[in-house]
Amino acid sequence: MHIDPLEKQWVQVVVGVCALFVGIIMIDALFHGVNAPSNVETIDSAKLHLSEEFGEQNLGVSTDENGHITVRMVAGRYSFFPKNIVVPAETPITFRWVSIDVLHGVHVPMTNMSTMIVPGFVAELLTTFPKPGDYPVLCNEYCGLGHDHMWSRIDVIEKEQWSTQQNRATGETES
Ligand code: CUA
């Protein structure tokens, strides 16, 4: 079978570009924690306020007995709730997101946090904030006229400051 040399070259270019993209995806997935939220966990968006997990009193930051931090947040036109949360830097944190109405997205620049929040599903991801500061939380899926104004913030504090506060809250003293 005859293949024109010029065509052959272009085939090689195309294969090369594909390999480059697959390579970038692999490096991000393996070393930067960038991957698709793949737990296909369903939830009834219409009854969120009645659900155990996403009832108002359970939203925000919680720490389990092993000290792992989980943050539960609700996206709804046009904000993220709760409005302000405080978490420590340099600590792996599980975020669980649900939508109360339509499709939203969440993006926190300079972290791996970027996911769609699909009504009826829980979007879960593990992230770490590299350093203390005020991180903007932006909606990146068009969700209506107020989409441009749908944002919030996360207050990230020093790891040491966090543990001091935790100890104070539980009434323990550092030994
Ligand atoms: Cu929510 Cu755009």
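Each ligand, and each atom within it, is numbered from 1 in the order the structure gives. Heavy-atom basis, side chains included; hydrogens, waters and symmetry copies ignored.
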Donor-acceptor under 3.5 Å (T91 side chain, A89 main chain): yes
Who passes salt bridge (Lys or Arg N to Asp or Glu O under 4.0 Å) against K131, sequence neighbours left out? none
Run the salt-bridge test on K159 and E90 with the 4.0 Å N-O cut-off and return the result as yes or no. no
Apply side-chain contact (heavy atoms from CB on, under 4.5 Å) to residues N58 and E53 and explain how you reach the verdict. CA-CA 6 Å; N58 293 331; E53 188 181 353; 5.6 Å; no
Heavy-atom side-chain contact between I93 and P88 under 4.5 Å: yes
Protein-derived N, O or S atoms sitting under 2.8 Å away from atom 1 (Cu) of ligand 1 total 4
Between the side chains of H68 and T94, does any donor sit under 3.5 Å from an acceptor?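 Indeed, the side chains of H68 and T94 share at least one donor-acceptor pair under 3.5 Å.
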